[in-house]
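Structure record follows, encoded as structure tokens.
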Amino acid sequence: MNAVTTTQTIDHAVGELLKGAQTLAGSSIEQRIEAAKACIQGVARIAQRWQTAGCQAKRTSGSVAGRAEEILTGPVASLRYLHLIIKTMQDLQSKGKPQLPGTAKLVEGQLRVPVFPTQLLFDSVAFRGMRGETWLEPGVSAQNMFGDAPDRMLRRKSVQPRVELVLGAGNVSSIAMTDSLTKIFQDDSAVLLKMNPVNQYLGPLFEEALQPLVKLGWLRIVYGAAVEGAYAISHPHVHGVHITGSTDTHEAIVWGCDAAQRQQRKAAGTPLLDKPISSELGNVTPWIIVPGDYTKKQLAAQAETMAASITNNASFNCVATKMVITWKQWTQREQFLGLLNAAIARTENRYAYYPGAEERFAQFSGGASVAPDANGVLPWKLRSNLNYDEHALLFQRESFVCVAGETMLEGSSPTDYLSRTVEFVNERMTGTLAVELTVPTEFQKRSAAEFDTALRRLRYGTIGINQWAGLSFAWMSPPWGGYPGASLADVQSGIGSVHNTYLLDRPQKSIVFAPLCMSPKPVWFSTHRCPETVAQRLLSLCVSPSILKLPALFAAALRG
């Protein structure tokens, strides 16, 4: 299927990238805009084959929801990135800086920057009622919110030729592509992309789609497993590494595979890796429910939203919800859990395509060993009323399989519960990538100060309000990564971020705001009645945006 990657292949690819890095460092913004535009056409040409390949590998060819998922999380997300970075580069040409979709506000000494809906792709219509903003680290002002990015990208100040290795993720198909595009267009690095063995079948398609970058010497794609990855990591002409993957893999790269030697190196502060590394490493994603008097419609809508966050991509997502947190005194808890279980049950079970799923299911499910059926399918599992002390594993380690939990926390009032819960997820749950909150509208109004304080205290890179934080990844305009402050010794959910197509300097967290009930039904819900039609029309819109395509898109969306 793919050419065998040898050490000689890697050497040759890096040699070509060294030449390409020189041209990238000296390239004009016009050249980069033209290259990105050509990539849009390349992605458009392979989009249907991309969908087909993903469905075959994940065995979802017979599922309309699965087929829609492959379009939305693959070509649509990648095309969004390309359109947005082109718009930013064009703004640099005409205005000298990115043009935001609104006005940044300084609140409590922290700049809050609107990043969604963007000015492109009819976001305000396609994602009606949703908005996103990115909060920058304290000390970043409106005058320096883009840092040195405009000067570097427009006038090529301090740009040095650089080759970076991107270790592609094996789950969501757009990750490897958009990580690479971020490194090329925003970080000025020629990229050696090593495909993950799980989805290496996409490599030839990516090479075809991104042929403009390949011809310029800005991208090379290689294959292989740990041996080939280790060789590329240690290559003397690879200047940095980016990985989307597991904490275990990151630790092995930075500190070594041997556990004893790893501890010795950590104690001495002498990592095995002698070059910079950036990363996104997942999360035990919590979903906090702030108690209130919800209507049945609101409870059902939030249950379906949460179910989608658990079941999307067979739960092989770094931001799949893994722990639902409820108030012990909440009178609607049983009703909500019933609706959540019903929403999950309406979602067809999926082929457990990611390696090790069966072993992780046995480890995290807490019951008798369940083997996949004859088709490799595992059942959904929601474990309720978990105690932290008795079930610490589910709070401290990402299961990366179709198992989620629910726990109850104390509090003398809803505001006290929220304050305690923020401390709990910050201090006792693993990871800093993403967290979600379901929040009654009345609570947001009545306890606005306490709610805002909770958002400021949460140490997560993305926060979803009444909606799955994974939408922030798909939007591509917010930065995507863990909360700042991670280190090699305590990497949490990773170091640095990707996407960030408005070039914001020192982002701290991004927040997705959505209503409790959304209409029309979101296409990522498993119960949507025509998701593939909506996905295909969104794809068409992303290939060539036109207002004339909106009526057909809305008609399909309304049938959902």
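Counting from 1, the numbers follow the sequence of the chain as shown. A quick note: this is a predicted structure, and the numbers were derived from the prediction, not measured.
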### Summary
T311 meets the side-chain hydrogen bond (donor to acceptor under 3.5 Å, both in side chains) criterion, sequence neighbours left out, with none
#### Entry: Close side-chain approach of L136 to Q110, heavy-atom, < 4.5 Å
no
### Task
Spell out, as yes or no, whether a donor-acceptor pair under 3.5 Å connects the side chain of N283 to the backbone of T432.
yes
### Side-chain (T462) to main-chain (A469) donor-acceptor, under 3.5 angstrom
no
### Task
Would you please name every residue forming a side-chain contact (heavy atoms from CB on, under 4.5 Å) with E427, sequence neighbours left out?
E423, R459
### Query
Looking at side-chain heavy atoms only, is the closest gap between P101 and P117 below 4.5 Å?
no
#### Entry: R265, CZ atom: more than 12 neighbouring heavy atoms under 6.0 Å
yes
### Task
Looking only at non-hydrogen atoms, find the nearest pair between W327 and G411 and report the distance.
NE1-O, 3.0 Å
### Query
What residue pairs, at least two apart or across chains, pass salt bridge (Lys or Arg N to Asp or Glu O under 4.0 Å) with a residue in residues 282-301?
none
### Message
I need the single residue from S412, S419, S413 that forms a side-chain hydrogen bond (donor to acceptor under 3.5 Å, both in side chains) with D416. Which is it?
### Response
S412
### Message
Can you confirm whether R457 is buried at CZ, in the sense that more than 12 heavy atoms of other residues, nucleotides or ligands lie under 6.0 Å from that atom?
### Response
yes
### Query
Is it true that R262 and D258 have a side-chain N and a carboxylate O under 4.0 angstrom from each other?
no
### Task
Quick one: list whatever passes side-chain hydrogen bond (donor to acceptor under 3.5 Å, both in side chains) with R456, sequence neighbours left out.
D452, T453
### Message
Show the nearest heavy-atom pair for residues L393 and F364, with the distance to one decimal.
### Response
CG-CE2, 3.5 Å
### Query
In chain order, what residues pass the side-chain hydrogen bond (donor to acceptor under 3.5 Å, both in side chains) check against S61, with sequence neighbours excluded?
none
### Query
Judged by modelled atom types alone, do T430 and E398 share a side-chain donor-acceptor pair under 3.5 Å?
no
### Message
Using 0.5 Å steps for rounding, measure from the CZ atom of R420 to the CD atom of E410.
### Response
7.5 Å
### Query
CG/D179 to OH/Y81 distance, rounded to the nearest 0.5 angstrom?
10.0 Å
### Backbone of S174 reached by a side-chain donor or acceptor of T178 within 3.5 Å
yes
### Query
Taking all atoms of both residues into account, what is the closest heavy-atom pair of S173 and N199, and its distance?
CA-ND2, 4.5 Å
### Message
With rounding to the nearest 0.5 angstrom, report the CG to CG distance, L503 to D505.
### Response
10.0 Å
### Query
Between the side chain of N466 and the main-chain N/O of Q302, is any donor-acceptor distance below 3.5 Å?
no
### Task
Kindly say whether Y483 contributes a backbone atom to a donor-acceptor pair with the side chain of K509 at under 3.5 angstrom?
no
### Query
So, T347 side chain and A343 main chain: donor-acceptor pair closer than 3.5 Å or not?
yes
#### Entry: Sequence neighbours excluded - ring pair (Phe, Tyr, Trp, His ring centres under 6.0 Å) pairs with any residue from residues 377-402
F316-F400, Y354-F400, Y388-F395, Y388-F424, F395-F424
### Closest contact, heavy atoms only, I243 versus I253
CD1-CD1, 3.9 Å
### Task
Scan for salt bridge (Lys or Arg N to Asp or Glu O under 4.0 Å) pairs involving residues 374-396, sequence neighbours excluded, and state none if there are none.
D389-R428
#### Entry: Given T285, T321, N317, the one that forms side-chain hydrogen bond (donor to acceptor under 3.5 Å, both in side chains) with S309
T321
### Task
Decide whether a cation-pi geometry holds between R131 and F116; the criteria are a distance under 6.0 Å from NZ or CZ to the six-membered ring centre and an angle within 45° of the ring axis.
no
### Message
Just checking R128: does its CZ atom have more than 12 heavy atoms from other residues, nucleotides or ligands closer to it than 6.0 angstrom?
### Response
no
### Counterpart residues, salt bridge (Lys or Arg N to Asp or Glu O under 4.0 Å), relative to R67 (two or more places apart)
E532
### Query
Can you check whether S399's main-chain N or O pairs, donor with acceptor, with R360's side chain at less than 3.5 Å?
yes
## Note on the structure
Scanning both residues in full, the closest heavy-atom pair of P440 with L516 reads CA-CD1, 4.3 Å
### Query
Per the side chain to side chain contact (heavy atoms under 4.5 Å, CB included) rule, which among V498, L167, L165, I277 passes with H242?
V498
### Task
For the residue pair L437 and L418, establish whether any side-chain heavy-atom pair is separated by less than 4.5 Å.
yes
### Lys/Arg-Asp/Glu bridge criterion (N-O < 4.0 Å) met for D123, R80
yes
### Heavy-atom pair of closest approach, residues I289 and Y417
O-OH, 2.9 Å
### Partners passing side-chain contact (heavy atoms from CB on, under 4.5 Å) against A259 (at least two apart in sequence or in another chain)
none
### Task
State, without any angle test, whether E70 and W50 hold a side-chain donor-acceptor pair at a distance under 3.5 Å.
no
### Task
Could you tell me whether the side chain of H250 reaches within less than 4.5 Å of the side chain of L488, counting heavy atoms only?
yes
### Message
Between K105 and E133, does any NZ, NE, NH1 or NH2 come within less than 4.0 Å of an OD or OE carboxylate oxygen?
### Response
no
#### Entry: Check: P484 and E137 side chains under 4.5 Å, non-hydrogen atoms
yes
### Query
Atom CE in M306, atom CD in E436: separation rounded to 0.5 Å?
8.0 Å
### Task
Name all pairs fulfilling the side-chain hydrogen bond (donor to acceptor under 3.5 Å, both in side chains) condition that reach into residues 468-477, sequence neighbours left out, sorted by first residue then second.
none
### Partners passing side-chain contact (heavy atoms from CB on, under 4.5 Å) against K266 (at least two apart in sequence or in another chain)
E251, W255, Q263
### Query
Can you tell me if E358 uses its side chain to pair, donor with acceptor, with the backbone of P372 under 3.5 Å?
no
### Query
Just checking, is any N or O donor in the side chain of E280 or T244 under 3.5 Å from an acceptor N or O on the other one?
no
### Task
Enter the distance from L539:CG to L79:CG here, rounded to the nearest 0.5 Å.
6.5 Å
### Message
Tell me every residue that passes side-chain contact (heavy atoms from CB on, under 4.5 Å) with S246, counting only those two or more places apart in sequence or in another chain.
### Response
D248, T249
### salt_bridge(E69, R350) N-O dist < 4.0 Å
yes
### Query
Are side-chain heavy atoms of S315 and V401 found at a separation under 4.5 Å?
no
### Message
Let me confirm one number: the CD1-CE distance from I175 to M177, rounded to the nearest 0.5 Å.
### Response
12.5 Å
### Message
Between N500 and W480, is there a side-chain heavy-atom distance shorter than 4.5 Å?
### Response
no
### Task
Indicate yes or no for a side-chain donor-acceptor contact from T295 to the backbone of Q298 under 3.5 Å, with no hydrogens or angles considered.
yes
### Task
Could you tell me whether the side chain of L378 reaches within less than 4.5 Å of the side chain of N349, counting heavy atoms only?
no
### Message
Quick check against the 3.5 Å criterion: does Q444 have a side-chain atom that pairs as donor or acceptor with the backbone of F451?
### Response
no
